[in-house]
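Notes to accompany the following structure.
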Amino acid sequence: MAAKRETALIAGAGIGGLAAAIALAKRGIDVRVCERRDEFPEEGAGIQIGPNGVRILRDLGVASYLETSVATPDALSVRDGASARELTRMPLGRWIAERHGAPYWTAHRRDLHVALRARAEAEPRITLMRGTHIVSVASGTSGIRATSASGEAFDASFLIAADGLWSALRDQISGSKADLIPVGKNAFRSVVPAQNLPPELLPNAVHIWLAPGAHVVHYPVNGGRDIALVVIADDDARSEGWDSPTVADVVKSKVAAFAPQLRALLDGASDWRKWSLYRLAHLPRWTAGRAALLGDAAHPVLPFLAQGAVLALEDAITLADVVAASNGNIERALAGYEKARRARAAQVAAASERNGRIYHMSGLNAFARNTTMKVLPPAYVMSGFDWLYGWKPHPC
Ligand SMILES: Cc1cc2nc3c(=O)[nH]c(=O)nc-3n(C[C@H](O)[C@H](O)[C@H](O)COP(=O)(O)OP(=O)(O)OC[C@H]3O[C@@H](n4cnc5c(N)ncnc54)[C@H](O)[C@@H]3O)c2cc1C
């Protein structure tokens with residue numbers, strides 16, 4: 001158990017910041033979480049939470065807030081986008097829950113965020129401040145001082161910058177000017193009622209449709225009552241933020257090559273939002289003295305493996321564990337956190353990039369991919385992800 005006097009300041013009440021706050025509070029540390037936004041409005045569309053993430057949500061006491069709003073898909077069905085031919089149907093449901101000791105969930109991001117907030121608000125050691133934009137941090141030998149955009153100063157034993165993809169604190173902590181590099185693709189997302197799903201498609205499944213330069217993913221959310229739709233396609237237009245409105249015609253132009261039943265499903269959505277995909281230049285370090293980056297601020301990953309939020313959960317629990325075991329040596333604990341997480345984040349990022357290349361193949365490469373998917377036993381392919389879904393925190 002960490003010394004009582006230790007306090008944490010967290011910049012950002014997103015998935016990673018709230019999870020870190022709960023994990024630290026559970027280990028006896030008082031936490032102030034400063035969130036830039038005044039309100040948490042729409043909060044994105046679907047999010048997939050593999051067993052590695054569900055295990056952490058259970059450990060944090062968040063899962064019970066979420067259980068009625070998630071879906072537990074039975075399978076992951078991959079189709080050739082143009083012909084609608086099913087290439088493979090990999091097991092999720094009981095198969096993956098038994099293999100990894102926790103289920104594979106799909107949820108609306110809003111529901112995950114609401115659950116984390118409800119759990120954090122029930123925790124007396126956590127103070128959540130909205131409308132507080134942290135813009136700088138100074139790290140000394142016994143603590144940090146963070147300053148908000150309005151000039152307010154906050155002191156704590158250490159700071160966690162969980163301020164997301166467009167982190168204001170990344171450059172200060174990493175000691176570098178790291179650019180976000182556009183990858184030339186946009187993600188378009190919406191939600192439709194579950195009854196819109198074509199009857200020939202499995203209702204309780206994650207569906208992935210592949211075409212050259214584009215793919216579409218859809219899966220049940222809101223306890224199976226709605227379907228989250230995501231189209232990821234080549235597109236040079238760039239936007240900042242997660243919620244830029246976009247017109248349905250732009251999405252239609254991206255899916256013209258897909259099968260009619262999929263286009264009909266997408267036609268049922270009216271409120272499309274988009275975000276642009278970026279990768280981050282290499283960061284020389286994630287920690288500086290008593291300050292550490294966490295989640296997307298440290299290592300944004302492309303969404304082709306659906307692990308961005310889960311990596312932030314893994315960071316949160318790892319960081320809380322090393323701090324709790326640190327005996328007051330916070331700087332060493334944060335360095336240990338970075339050491340524990342670097343290789344894992346890089347491995348997930350590389351696997352996600354690889355999936356993206358496979359999903360968007362064209363010509364002979366796409367033919368070879370489809371043939372391989374058809375012949376490989378689905379459970380064998382899924383077991384190739386044991387390294388991902390089987391992750392557990394290392395004992396300190
Ligand atoms: C509104 C929103 C919608 C999203 N929608 C999707 C989606 O549909 N699908 C998907 O796969 N991923 C989505 N994401 C991203 C996904 O949730 C993250 O990749 C993942 O959860 C990593 O979590 P994180 O805590 O590192 O960052 P985030 O969850 O992005 O949280 C960062 C938080 O920090 C706050 N913040 C930023 N700067 C400061 C600052 N200087 N001071 C204080 N607070 C600050 C932000 O307002 C935000 O609440 C979305 C993120 C957001 C914020």
Side-chain angles (χ1 to χ4, degrees), residues 9-22 32-50 53 56-57 106-114 116-117 120 128-137 146-150 152 154 159-173 186-191 217 219 221 228-232 239-244 272-278 280 286 292-316 319 341 345 348-349 352:
L9 181 86
I10 299 182
I15 309 292
L18 288 171
I22 299 162
R32 182 191 299 276
V33 186
C34 295
E35 166 56 42
R36 179 187 58 164
R37 291 178 291 166
D38 293 315
E39 295 301 330
F40 302 102
E42 194 270 340
E43 300 291 359
I47 218 150
Q48 300 183 52
I49 313 171
I56 295 169
L57 293 174
T106 53
H108 199 295
R109 185 185 182 278
R110 179 195 57 219
D111 293 329
L112 173 59
H113 198 249
V114 165
L116 284 161
R117 251 163 40 220
L128 177 55
M129 296 178 68
R130 299 172 190 218
T132 308
H133 187 174
I134 300 296
V135 290
S136 68
V137 56
T147 310
S148 74
S150 65
E152 211 174 341
F154 301 97
L159 173 131
I160 301 171
D163 54 347
L165 183 60
W166 293 277
S167 169
L169 298 171
R170 181 187 290 133
D171 289 354
Q172 288 173 56
I173 295 174
N186 274 308
F188 304 87
R189 58 182 162 74
S190 194
V191 176
V217 185
Y219 48 81
V221 294
L229 309 168
V230 186
V231 176
I232 298 186
S239 60
E240 212 177 269
W242 296 102
D243 256 338
S244 308
W272 285 98
R273 307 280 161 148
K274 77 165 182 179
W275 81 91
S276 300
L277 306 192
Y278 296 90
L280 180 67
W286 293 1
L293 296 164
L294 180 145
D296 280 3
H299 50 69
V301 289
L302 294 175
F304 302 109
L305 204 56
Q307 282 280 316
V310 177
L311 271 188
L313 295 174
E314 290 184 3
D315 285 355
L319 190 142
R341 295 299 299 157
V348 174
S352 185

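Computed from a predicted structure; not experimentally measured. Numbering of ligands and ligand atoms starts at 1, following listing order.
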Between [Y] and [X], is there a side-chain heavy-atom distance shorter than 4.5 Å?
{"X": "Leu305", "Y": "Val348", "result": "yes"}
{"X": "Leu319", "Y": "Leu294", "result": "yes"}
{"X": "Leu9", "Y": "Cys34", "result": "yes"}
{"X": "Arg117", "Y": "Leu18", "result": "yes"}
{"X": "Thr106", "Y": "Ile49", "result": "no"}
{"X": "Asn186", "Y": "Ile232", "result": "no"}
{"X": "His108", "Y": "Val191", "result": "yes"}
{"X": "Phe154", "Y": "Ile134", "result": "yes"}

State, without any angle test, whether Ser148 and Thr132 hold a side-chain donor-acceptor pair at a distance under 3.5 Å.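 No, Thr132 and Ser148 have no side-chain donor paired with an acceptor closer than 3.5 Å.
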If you count the atoms of ligand 1 from 1 in the order shown, which ones are under 4.0 Å from a heavy atom of [X]?
{"X": "Arg37", "value": "1 (C), 47 (O), 48 (C), 49 (O)"}
{"X": "Gly16", "value": "23 (O), 24 (P), 25 (O)"}
{"X": "Gly295", "value": "26 (O)"}
{"X": "Cys34", "value": "43 (C), 44 (N)"}
{"X": "Gly164", "value": "27 (O), 32 (C)"}
{"X": "Arg189", "value": "8 (O)"}
{"X": "Thr132", "value": "42 (N), 43 (C)"}
{"X": "Ala309", "value": "20 (C), 21 (O)"}

Just go through [options] and tell me whose heavy atom is the nearest to [atom].
{"atom": "atom 28 (P) of ligand 1", "options": "His113, Glu35, Arg109", "answer": "Arg109"}
{"atom": "atom 8 (O) of ligand 1", "options": "Ala149, Gly12, Ala45, Ala146", "answer": "Ala45"}
{"atom": "atom 38 (N) of ligand 1", "options": "Leu313, Leu302, Asp163", "answer": "Asp163"}
{"atom": "atom 32 (C) of ligand 1", "options": "Gly17, Ala20, Ala162, Ala19", "answer": "Ala162"}

Under 3.5 Å between any N/O of [X] and any N/O of ligand 1: does that happen in this structure?
{"X": "Leu165", "answer": "no"}
{"X": "Asp296", "answer": "yes"}
{"X": "Ala168", "answer": "no"}
{"X": "Ala11", "answer": "no"}

Contact between ligand 1 and Gly46 is defined here as a heavy atom of the residue under 4.0 Å from a ligand atom; is it met?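 Heavy atoms of Gly46 do come under 4.0 Å of ligand 1.
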Between ligand 1 and Phe40, can you find any atom pair, the residue atom being a heavy atom, that is separated by under 4.0 Å? no
Heavy-atom distances under 4.0 Å decide this one: backbone, side chain, both or neither, for [X] against ligand 1?
{"X": "Trp166", "answer": "neither"}
{"X": "Val135", "answer": "neither"}
{"X": "Arg36", "answer": "both"}
{"X": "Pro303", "answer": "neither"}

Between Gln172 (side chain only) and Val137 (backbone N and O only), is there a donor and an acceptor less than 3.5 Å apart? yes
I'd like to know if the side chain of Glu35 reaches the main chain of Arg130, judged simply by a donor and an acceptor atom lying under 3.5 Å from each other, with no hydrogens or angles considered.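 Not a single qualifying donor-acceptor pair exists.
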Residue pairs involving residues 298-315 (criterion salt bridge (charged side-chain N to carboxylate O under 4.0 Å, His left out); sequence neighbours excluded):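 Checked against salt bridge (charged side-chain N to carboxylate O under 4.0 Å, His left out) - neighbours excluded - the pairs reaching residues 298-315 are Glu314-Arg341, Glu314-Arg344, Asp315-Arg341.
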Would you please name every residue forming a side chain to side chain contact (heavy atoms under 4.5 Å, CB included) with Ala298, sequence neighbours left out? Trp286, Leu293
